[in-house]
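Structure record follows, encoded as structure tokens.
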Amino acid sequence: MVETGKIRVRFAPSPTGQLHIGNVRTALFNWLFARQKRGTFVLRIEDTDVERSEVRYETQLLADMKWLGLDWDEGPDVGGPYSPYRQSEKMDGYRAYAARLIREGKAYYCFCTSEELEREREQALAEQRQPIYSGKCRKIDPAEAERRRAAGEPAAIRLKIPEHPIQFHDIVRGDVEFPHEVIGDQIIVRSGGMPIYNYAVVIDDADMEITHVIRGDDHISNTPKQVAVYEALGLQVPEFAHLSTILGPDRERLSKRHGATSVANYREMGILPEALMNYLALLGWAPSGGDREIFPQAELIKEFDLARVTPSPAVFDTEKLYWLNRHYIKQSARQRIHRMGAEFLERAGLLSAEMDEQVTTWAAGVVELLAPYVDRLDQLPDRAGIFFRFDAAEAILSPENAEVFASPAVTKVIEAFAWRASAEAGWTVESFNAIMNQIKMETGTKGKDLFHPVRVVLIGSHSGPAFDKLIPLIETGSRLALPVHVKSGRERVTEFMEAWKRRAN
RNA sequence: GUCCCCGUCGUCUAGCCCGGCCUAGGACAUCGCCCUUUCACGGCGGUAACACGGGUUCAAAUCCCGUCGGGGACGCCA
């Protein structure tokens with residue numbers, strides 16, 4: 001148990017692609033734990049895989065984490081007392097520790113070639129034996145090994161795995177024990193001099209005085225190998241917490257083919273960061289009682305408990321994320337939503353980048369009207385079609401409206417409405433309501449029979465927002481200079497009637 | 001093949017460690033009703049789960065063993 005001093009945790013991603021949903025969840029749990037315990041959250045970049053690592057991914061990664069609301073106390077950009085925070089910048093330390101292990105007889109040089117090892121592995125598999133290293137080079141006399149190495153023979157460094165079961169404590173799973181027979185002496189430094197991941201992490205975590213290693217459960221069988229390194233070096237073994245895998249709807253590990261799997265994807269979809277954070281926290285963790293779902297950041301920090309994290313894998317449920325997103329959209333400061341919504345409309349070419357005050361106000365009205373009913377903000381441009389897109393012929397043909405046109409009173413209502421409405425120039429809520437009341441009396445219709453046809457005439461669909469919100473926005477919108485013209489009520493009625501007559505013929 | 005991890009409604013989960021309060025709770029989704037001169041939102045209600053088989057016990061979702069199913073690891077990858 002590491003209970004002395006302050007908690008130190010770390011998130012150590014490889015900058016080899018977009019920040020994945022599974023990885024942010026790991027980052028989030030580390031962060032929540034650190035913030036609650038008033039500990040330190042370290043960001044360390046594992047960029048030893050030079051082939052795949054790219055700086056732009058690192059930049060993206062930091063930006064995505066910040067967007068979600070995660071911050072770190074030490075990291076490549078902010079520095080800290082345990083610098084450097086990029087693995088590629090700290091190669092020397094790894095070699096020094098390895099030299100010490102050799103000197104102490106806890107590690108040895110291995111002269112086996114990759115081909116030899118591959119052959120042994122295949123043979124073991126064929127004989128249904130454990131495909132682990134035989135320990136052949138363990139027997140080589142150290143002085144002899146030193147001579148061969150000095151003579152230029154390439155050698156990797158292997159750690160002697162102790163001959164007793166290796167056990168460690170996992171906060172999520174309890175005590176875990178691996179028989180040493182299944183491990184085999186691990187290479188810790190390649191013949192080229194580069195350290196192996198399972199060795200490098202240990203050095204890094206120990207150097208940085210990490211007290212709790214919280215990571216994905218794909219590392220669980222790496223853990224005994226790492227514990228062996230800690231023990232050989234006489235270093236304090238940290239506490240572990242292995243988080244379960246996040247699955248797609250088909251119960252397969254969440255991957256690209258499941259669609260949106262990166263933080264960036266969700267940001268572009270118009271998922272609010274607090275919704276994503278709340279959802280991710282609920283994937284694998286639940287408060288005691290398990291009867292609360294809404295957890296804003298501050299509440300999460302207060303309630304989060306590593307010991308309550310579930311060990312079983314979880315299927316990522318987009319619907320529940322959307323539900324939370326709707327909640328936070330409604331909850332959020334109006335101005336923020338107006339601004340964000342306008343950005344999505346702008347990206348869709350419905351608004352221009354520079355907006356004067358009138359347009360800004362109008363756009364805010366549009367977003368205000370539509371936003372509470374969308375799952376994600378990127379649905380806004382489509383929903384705004386009731387303003388920007390009006391095609392009478394399409395509305396008449398649409399199967400969605402077939403039922404409306406099948407109603408016996410439809411012609412009567414449409415004609416009565418058109419007759420009155422086309423005479424009116426600038427509509428107001430009052431004038432519109434007056435018209436509605438008149439045709440209600442004239443046609444003797446009400447409810448659906450009255451409203452559905454009128455709605456189809458005006459927005460091409462029988463469902464949509466209330467007229468007293470809609471009419472003013474249509475009218476003011478029609479008078480603004482926008483990239484896509486918003487047709488006025490009268491324009492709509494006129495166009496509809498032309499199409500309606502054409503239909504009749 | 002061997003080792004490790006996991007297994008409660010369709011999904012996320014509470015309960016499990018410390019057996020009885022579990023007639024198994026909440027949420028998403030779904031279905032129904034109400035609200036609404038439309039649709040949604042919202043409110044109310046319903047359907048729906050302890051993987052299977054053995055033990056232990058007066059009593060098991062909870063403890064033990066086994067089976068089955070899913071995932072991971074066994075690299076001079078991370």
Side-chain angles (χ1 to χ4, degrees), chain A residues 12-14 16 46-49 51-53 87 110 112-114 117-118 121 124-133 154-158 170 172-174 176-179 181-184 186-198 200-201 216-225 242 244-245 247 249 251-253 279 282-294 307-308 310-324 326 330 370 372-374 404 436-437 440 445-456 459 461-467:
Chain A
S14 302
T16 53
E46 312 230 313
D47 57 350
T48 41
D49 188 343
E51 306 278 291
R52 296 188 300 151
S53 296
Q87 253 180 357
C110 175
C112 299
T113 63
S114 305
L117 295 171
E118 186 51 38
R121 195 172 304 124
L125 246 16
E127 293 169 18
Q128 307 213 320
R129 290 198 333 265
Q130 210 62 238
I132 59 170
Y133 181 58
I157 300 176
R158 279 190 193 269
D170 188 302
V172 177
R173 288 150 219 271
V176 184
E177 184 177 291
F178 284 79
E181 292 90 344
V182 303
I183 300 171
Q186 296 291 307
I187 287 181
I188 55 175
V189 178
R190 283 174 259 228
S191 52
M194 288 289 278
I196 286 294
Y197 168 79
N198 275 324
V201 245
D217 68 358
D218 45 330
H219 284 288
I220 202 155
S221 26
N222 282 329
T223 308
K225 300 168 192 169
H242 288 101
S244 68
T245 319
L247 273 22
R251 299 212 134 258
E252 294 286 330
R253 201 188 194 82
Y279 178 69
L282 256 22
L283 259 195
W285 171 81
S288 73
D291 53 358
R292 268 184 77 188
E293 317 288 325
I294 305 293
R308 292 188 58 83
T310 44
S312 52
V315 173
F316 191 90
D317 180 10
T318 322
E319 287 303 325
K320 190 152 182 178
L321 206 214
Y322 290 163
W323 172 71
L324 280 164
R326 285 197 298 268
K330 285 179 220 156
L370 270 17
Y373 309 116
V374 298
V404 178
M436 290 308 285
N437 283 329
K440 182 181 179 179
T445 55
K446 59 178 182 174
K448 281 187 189 179
D449 290 338
L450 172 63
F451 278 76
H452 277 179
V454 172
R455 199 171 284 277
V456 170
I459 61 170
S461 165
H462 59 80
S463 74
F467 281 124

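Heavy-atom basis, side chains included; hydrogens, waters and symmetry copies ignored. First the proteins, then the strands, lettered A, B, ... as listed; each starts at 1.
Between the CD atom of E293(A) and the C1' atom of A29(B) there is a distance of 13 Å, given to the nearest Å.
When heavy atoms are screened at a 4.0 angstrom cut-off, P154(A) is found touching no nucleic acid atom at all. Using a 4.0 Å heavy-atom distance criterion, E319(A) is classed as a sugar-phosphate-only contact. The residue G284(A) sits close only to the backbone: its heavy atoms come under 4.0 Å of sugar-phosphate atoms, none of a base. Among the protein residues, D170(A) comes within range of no part of the nucleic acid, since none of its heavy atoms lies under 4.0 Å from any strand.
The aromatic rings of Y279(A) and F316(A) lie perpendicular to each other, with more than 60° between the two planes, well past the 30° mark.
When both distances must be under 3.5 Å, the Watson-Crick or G-U wobble mate of C74(B) is G1(B). Within the shown strands, nothing qualifies as a pairing partner of U56(B) under the Watson-Crick or G-U definition with both distances less than 3.5 Å. In this entry G69(B) has C6(B) as its Watson-Crick or G-U wobble partner, both defining distances falling under 3.5 Å.
Residue K440(A) is the one, among K440(A) and S191(A), whose nearest nucleotide of RNA chain B lies closer to the 5' end (criterion: closest heavy atom). The residue among L117(A) and G289(A) whose nearest nucleotide of RNA chain B lies closer to the 5′ end is G289(A).
Below the 3.5 angstrom threshold, one finds no donor paired with an acceptor across the side chain of D291(A) and the base of A27(B).
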Task: Under 4.0 Å protein heavy-atom contact, by nucleotide of nucleotides 6-11 of chain B - B base, S sugar-phosphate only - done: SS---S

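Rounded to whole Å, the separation between the P atoms of C4(B) and G66(B) comes to 12 Å.
With contacts defined as side-chain heavy-atom distances shorter than 4.5 Å, the pair D217(A)/T245(A) qualifies.
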